[in-house]
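These notes concern the structure reproduced below.
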Amino acid sequence: MKIAIFASGTGTNYQAIAAAVAAGQLPQVELALVLSDRPQAPVLAKAAADHVPTVFVDPKAYGSKMAFEEHVLEILQNHQIDLIVLAGYMRIIGQILLAAYRGKIINIHPSLLPSFPGKNGIADAFAYGVKITGATVHYVDDGIDTGPIIAQETIRITPDDTLATITEKMHQIEHRLYPAVLAELTEKG
Ligand code: GAR
């Protein structure tokens with residue numbers, strides 16, 4: 001199964017998936033493309049160093065979100081992508097991609113959805129004072145972080161924790177959870 005990872009930033013989740021592929025833990029997965037909406041996103045250099053095809057698509061270069069997504073769709077079709085894996089992609093997926101890839105777009109979000117959707121899941125949960133947070137992998141629908149949940153893993157927040165320690169713990173569970181979910185989804189076919 002050919003997957004495209006969409007990412008806007010650092011790309012540690014990309015690295016975790018790439019490492020699992022390299023270690024032979026995801027035999028059904030071909031890491032066929034990394035797409036970013038930010039030209040300086042470190043994930044692009046990381047993927048290029050791994051010899052994974054990369055593409056930057058500038059959302060500002062198009063007159064509308066539909067035109068942007070039509071171009072993205074063309075790129076995905078050229079690479080024969082089967083599954084879109086959002087990993088820190090900070091843009092809402094619109095109708096063009098949803099229609100073409102319904103049920104074939106997954107996202108990882110750093111909170112226990114449906115709590116704390118949006119751009120700042122870790123900080124929002126920490127600021128609220130919840131004692132348990134976690135990571136969620138879910139299918140993408142047309143809401144914000146609202147699609148059917150595939151898997152979740154929890155983290156306990158203790159009085160000693162800071163936003164930095166929770167962020168670190170979050171990344172650790174994400175890097176385990178996302179490859180595990182991919183293994184399960186791709187084995188099912
Ligand atoms: C991850 O923690 C991911 O859950 C979050 O962005 C981070 C990306 O890190 N995604 C969202 O907040 C989506 N709403 P990475 O670039 O190091 O993989």
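Just follow the structure's listing: the first ligand is 1, and inside any ligand the first atom is 1. Only a predicted model underlies this, so the values are computations on that prediction, with no experimental measurement involved.
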Please indicate whether any nitrogen or oxygen in Asn13 is less than 3.5 Å from any nitrogen or oxygen in ligand 1.
yes
What atoms in ligand 1 come closer than 4.0 Å to a heavy atom of Thr10?
16 (O), 17 (O)
The ring pair (Phe, Tyr, Trp, His ring centres under 6.0 Å) partners of His171 (sequence neighbours excluded) come to His175
Considering only non-hydrogen protein atoms, determine which one is nearest to atom 5 (C) of ligand 1 and report residue, atom name and distance to 0.1 Å.
Pro110 CD, 3.9 Å
If you count every heavy atom of other residues, nucleotides or ligands that lies below 6.0 Å from Phe56 atom CZ, does the total exceed 12?
yes
Met90, portion touching ligand 1 at heavy-atom distance under 4.0 Å:
side chain
At less than 4.0 angstrom from any non-hydrogen atom of His171, what atoms of ligand 1 do you find?
2 (O)
Atom CD1 of Ile149: over 12 foreign heavy atoms under 6.0 Å
yes
Let me confirm one number: the CD-CD distance from Gln172 to Glu153, rounded to the nearest 0.5 Å.
10.5 Å
May I ask you to check whether over 12 heavy atoms, not counting those of Lys104, lie within 6.0 Å of atom NZ?
no
Measuring from the heavy atoms of Gln15, does anything fall under 4.0 Å of ligand 1?
no
Tell me, which protein residue and heavy-atom name are nearest atom 4 (O) of ligand 1, and how many Å apart are they?
Glu174 OE2, 2.4 Å
Residues Ser8 and Ala41: closest non-hydrogen pair is O-CB, 3.4 Å
Please report which non-hydrogen protein atom sits nearest to atom 17 (O) of ligand 1, along with the residue it belongs to and the distance in Å to one decimal place.
Thr12 OG1, 2.5 Å
Please indicate whether any nitrogen or oxygen in Asn107 is less than 3.5 Å from any nitrogen or oxygen in ligand 1.
no
For residues 83-101, run the donor-acceptor check on the side chains, cut-off 3.5 Å, and write out each pair with its distance to 0.1 Å, sequence neighbours left out.
| unit_1 | atom_1 | unit_2 | atom_2 | d |
| --- | --- | --- | --- | --- |
| Arg91 | NE | Asp37 | OD2 | 2.9 |
| Arg91 | NH2 | Asp37 | OD2 | 3.4 |
| Tyr101 | OH | Ile81 | O | 2.7 |

Gly118 near ligand 1 by a heavy-atom separation under 4.0 Å:
yes
May I ask you to identify the nearest protein heavy atom to atom 7 (C) of ligand 1, giving residue, atom name and distance to one decimal place in Å?
Gly88 CA, 4.2 Å
Any N/O pair Gly11/ligand 1 closer than 3.5 Å
yes
To the nearest 0.5 Å, atom CD of Glu168 lies from atom OG1 of Thr162 at 10.5 Å
